[in-house]
Amino acid sequence: MSEAISIVVFLSVLFFFLGSGVWIGASLLATAIVGMFLFTSAPVGDAMAITIWGSQSSWTLTALPLFIWMGEILFRTKLSQTLFRGLTPFMGKLPGGLLHVNVGASAIFAAISGSSAATVATVGKMSIPELKKRDYPEKLIIGTLSGAGTLGLLIPPSISMIIYGVTVNESIAKLFMASMIPGLVLALCFMSYIAVWGLFNRDVSYKTPAMAFREKVTALLDLLPVLLLISGVIGSIYSGIATATEAAALGVLGSILLSLLQKTLDKDSFIESVLGAVRTSAMIMFILMGSGFLSLAMGFTGIPKALATTIVHWELSPFALIMILTVFYIFLGMFLDGISSIVLTMAVIEPMVRAAGIDMLWFGVYLMIVVEMAQITPPVGFNLFVLQGMTGKDIGYIARASMPMFFVMCGFVVILFLIPELATWLPETLSQTR
């Protein structure tokens with residue numbers, strides 16, 4: 001009974017602060033302070049200082065600002081033009097035409113930035129006007145871009161995956177390995193939806209540009225430096241040559257060299273990239289501070305242990321547990337961003353997932369997918385906000401355009417559960433070969 005009262009108090013205080021417009025990190029800290037005062041006799045100031053320092057002093061977290069900075073640098077290059085021009089010759093003839101470029105370009109940029117919103121903004125900046133000019137249906141343009149942009153959370157190096165790994169104390173390199181194949185398969189699922197739409201809508205006319213062989217070769221060569229950068233960063237991690245942090249540093253160096261080659265890096269763009277990385281990193285670190293202290297406060301009350309014990313007593317099958325958690329995270333994602341959803345819930349969710357015998361690498365991949373869904377669900381769907389600013393359409397229109405991709409992701413969760421080897425095979429294989 002005492003745990004139930006504690007849960008009600010924590011949730012009431014948290015939603016009060018969030019509803020008042022207080023920053024998420026500050027809301028988490030304030031909720032933890034209230035909980036500590038009400039339910040424990042521990043010194044709040046000392047507990048806060050120790051917990052915050054402990055949550056921020058992880059060496060693994062240094063990869064986070066580096067990968068963010070890498071994405072910020074490339075965001076200011078001619079990358080969006082390069083991606084569109086490089087992929088057009090290979091995807092224009094598929095059923096659905098150049099809509100596939102939204103998915104392909106998003107998958108490539110996701111492997112660079114690790115951010116969903118940055119992926120949508122970068123790819124959309126070029127693809128939306130180009131596809132409109134070629135008479136593609138606007139609803140399909142927005143919907144495919146919104147859904148494919150979520151790949152930034154799954155395809156490594158993923159910022160959210162780094163945070164998950166630090167939170168549950170799992171290897172970042174193994175998590176990156178686990179998410180590679182599911183990320184590519186999800187991209188193929190998006191492209192399959194586009195292909196099916198194209199086959200059933202052959203009467204819809206859209207213009208696919210004809211390109212000479214020389215133009216195709218030139219477009220491919222433009223794409224080569226980006227592909228080499230991705231291969232270098234991800235390959236150095238998978239081969240064991242570099243840790244995630246060292247690979248992130250290599251990625252920053254490579255992105256600076258690439259932007260210098262493209263002559264897009266000047267003093268102003270360099271400063272903007274640094275400030276952008278600092279702002280994003282500080283926001284994430286603030287959320288991690290608040291979530292770490294809130295987890296401690298809830299731990300004092302026994303809430304995580306009580307909930308985990310209750311779930312175990314229900315004797316749910318792993319499938320039933322995953323379905324319940326899917327609905328829970330989709331609902332939570334309507335009000336919180338992906339990173340906040342992860343750090344806020346892991347203190348409670350991790351014990352029950354481990355108790356159910358679910359592999360934490362597999363669960364990390366699953367979690368990224370359901371958090372991706374939150375990026376395209378109103379009222380707080382960040383991809384929707386980005387697209388609203390780019391297209392001028394209302395949130396309702398963009399959300400409706402994104403719904404098919406939402407259902408594709410729901411279907412992929414079932415596929416991932418039925419074929420867990422999609423996530424577990426690569427890390428297991430690479431671990432055995434080392």
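As the structure is a prediction and not an experimental result, all values here were calculated from the model.
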R354: side chain to side chain contact (heavy atoms under 4.5 Å, CB included) partners, not counting sequence neighbours: V168, E170, E350, M360
Closest heavy-atom pair and its distance - S106, A148: CB-O, 3.4 Å
Closest contact, heavy atoms only, I172 versus M161: CD1-O, 4.3 Å
Rounded distance (nearest 0.5 Å) linking atom CG of L422 with atom CD1 of I181: 7.0 Å
Sequence-distant partners of S179, side chain to side chain donor-acceptor pair (under 3.5 Å), two or more places apart: none
Spacing of L416 atom CG and I369 atom CD1 [to the nearest 0.5 Å]: 5.0 Å
CG-CD1 distance between L153 and I159, expressed to the nearest 0.5 angstrom: 8.5 Å
Rounded distance [0.5 Å steps], CE in M70 versus CG in L229: 4.5 Å
Note, F16 side chain near V34 side chain (heavy atom, < 4.5 Å): no
Derivation and outcome, side chain to side chain contact (heavy atoms under 4.5 Å, CB included), residues E246 and S236: CA-CA 9 Å; E246 292 163 347; S236 64; over 6 Å; no
Listed partners of K174 passing salt bridge (Lys or Arg N to Asp or Glu O under 4.0 Å), at least two apart: none
Heavy-atom side-chain proximity of F412 to P182 below 4.5 angstrom: yes
Salt bridge (Lys or Arg N to Asp or Glu O under 4.0 Å) against K132, all qualifying residues, sequence neighbours excluded: E138
Closest non-hydrogen atom pair between T144 and I141, with its separation: OG1-O, 3.2 Å
Residues which pass side chain to side chain donor-acceptor pair (under 3.5 Å) with T150, listed by chain and number, not counting sequence neighbours: none
Contact check, side chains of S127 and V101, non-hydrogen atoms, under 4.5 Å: no
Contacts of type side chain to side chain contact (heavy atoms under 4.5 Å, CB included), residue V408, not counting sequence neighbours: C189, F190, Y193
Donor-acceptor pair, side chain of Y136 and main chain of L99, under 3.5 angstrom: no
Verdict with reasoning, T424 to V365, per side chain to side chain contact (heavy atoms under 4.5 Å, CB included): CA-CA 10 Å; T424 58; V365 174; over 6 Å; no
pair E72-V274: side-chain heavy atoms closer than 4.5 Å: no
Full working for side chain to side chain contact (heavy atoms under 4.5 Å, CB included) between I358 and I322: CA-CA 10 Å; I358 295 173; I322 290 300; 3.9 Å; yes
T245 versus L66, closest heavy-atom pair with distance: O-CD1, 3.8 Å
Heavy-atom check, side chain of I142 versus side chain of K393, under 4.5 Å: yes
Side chain to side chain donor-acceptor pair (under 3.5 Å) partners for S146, two or more places apart: S402
Qualifying residues under side chain to side chain contact (heavy atoms under 4.5 Å, CB included), relative to S12, sequence neighbours excluded: V8
Approximate separation, where rounding is to 0.5 Å, of M191 CE and L186 CG: 12.0 Å
Test item: M368 and Y164 side chains (from C-beta on) under 4.5 Å apart, heavy atoms: yes
Interatomic distance, L184 atom CG to L154 atom CG [nearest 0.5 angstrom]: 9.0 Å
Residues in ring-ring contact (aromatic ring centres under 6.0 Å, His included) contact with F270, at least two apart in sequence or another chain: W69
F328 atom CZ, over 12 foreign heavy atoms within 6.0 Å: yes
Step-by-step side chain to side chain contact (heavy atoms under 4.5 Å, CB included) determination, V370 to L325: CA-CA 9 Å; V370 292; L325 290 178; over 6 Å; no
Shortest non-hydrogen contact from V103 toward L151: O-CD1, 4.3 Å
Shortest non-hydrogen contact between V233 and G251, atoms and distance: CG2-CA, 3.6 Å
Side chain to side chain, I162 and F176, heavy atoms closer than 4.5 Å: yes
Heavy-atom side-chain contact between I376 and M409 under 4.5 Å: yes
Counterpart residues, side chain to side chain contact (heavy atoms under 4.5 Å, CB included), relative to S269 (two or more places apart): R76, L265, D266
Contacts of Y366 that satisfy ring-ring contact (aromatic ring centres under 6.0 Å, His included) - sequence neighbours left out: W362, F363
